[in-house]
Novice: 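Here's a structure for you.
By convention here, the first residue in the shown sequence is residue 1.
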Amino acid sequence: MTTVTVTGPSGSCVLLNAAAMDLIREPGKNVIRRNVVERLDGVAAPAPGGGAQPVETRPGNAQPIGGSVCTGALTFFAEGGAPAATSGQFPVGTRLRVTNLDNNRVVTVTVTGPSGSCVLLNTAAMDAIREPGKNLVRRNVVQLLR
């Protein structure tokens, strides 16, 4: 168990820095799938959700369903392979289209496992849409594909 202080926004419920992660992770693991996060200041956490962003139509064979299905910034985990993502909201096999609104770059990913984020991109997916030197995509649209 460790206690941390929130220092800024992230796309996750909680995104730990390396020092906090080193205190609680199992050796060789970079994801903690089973965890309990408690707020210690006595204030109730805000309800998840928020407004959807507008849909931008793009050519392709998969059609998006509705507007953005996630809110907040996107980040990534260091895992190789083809562009993919993990998600705490969508089951394995779900296909998502992720657009970086700052540079209009788009990547389509398949959810390959669970995470604590709405969408957590792998390295290949993040490399496809991020701006040079940035590890966070604050302005984004995540669309569910059918």
Novice: Hey, are the side chains of Val111 and Thr86 touching, using non-hydrogen atoms and a 4.5 Å cut-off?
Specialist: no

Novice: Do Asn140 and Leu101 have side-chain heavy atoms sitting under 4.5 Å apart?
Specialist: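 No; the side chains remain at least 4.5 Å from each other.
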
Novice: Got Pro114 and Phe90 here, is their nearest side-chain heavy-atom distance under 4.5 Å?
Specialist: no

Novice: Please examine the side chains of Val119 and Leu96, heavy atoms only from C-beta on, and report whether any two atoms are closer than 4.5 Å.
Specialist: yes

Novice: Is there a side-chain contact between Thr94 and Leu144 (heavy atoms, below 4.5 Å)?
Specialist: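 Result yes, sub-4.5 Å side-chain heavy-atom pair found.
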
Novice: Run the side-chain donor-acceptor check on residues 121-129: report pairs under 3.5 Å with partners two or more places apart or on a different chain.
Specialist:
| residue | atom | partner | partner atom | Å |
| --- | --- | --- | --- | --- |
| Asn122 | OD1 | Ala84 | N | 3.1 |
| Asn122 | OD1 | Ala124 | N | 3.4 |
| Asn122 | OD1 | Ala125 | N | 3.0 |
| Asn122 | ND2 | Ala82 | O | 2.8 |
| Thr123 | OG1 | Phe77 | O | 3.3 |
| Thr123 | OG1 | Glu79 | N | 3.3 |
| Asp127 | OD1 | Arg130 | NE | 3.1 |
| Asp127 | OD1 | Arg130 | NH2 | 2.4 |

Novice: So, does Gln89 use its side chain to make a donor-acceptor pair with the main chain of Val69 at under 3.5 Å?
Specialist: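 Confirmed, Gln89 side chain pairs with Val69 backbone.
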
Novice: Report yes if some heavy atom in the side chain of Arg95 is under 4.5 Å from a heavy atom in the side chain of Val109; otherwise report no.
Specialist: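 No, every pair of side-chain atoms sits at 4.5 Å or beyond.
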
Novice: How long is the span from the NZ atom in Lys134 to the CG atom in Asn103, to the nearest 0.5 Å?
Specialist: 9.5 Å

Novice: For a side-chain contact (heavy atoms from CB on, under 4.5 Å) check, start with the C-alpha distance between Leu145 and Thr108, then their side-chain angles and the critical distance, and finish with the verdict.
Specialist: CA-CA 9 Å; Leu145 298 177; Thr108 298; 3.6 Å; yes

Novice: Under a 4.5 Å cut-off applied to non-hydrogen side-chain atoms, are Val106 and Arg97 in contact?
Specialist: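 The answer is yes; the side chains approach within 4.5 Å.
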
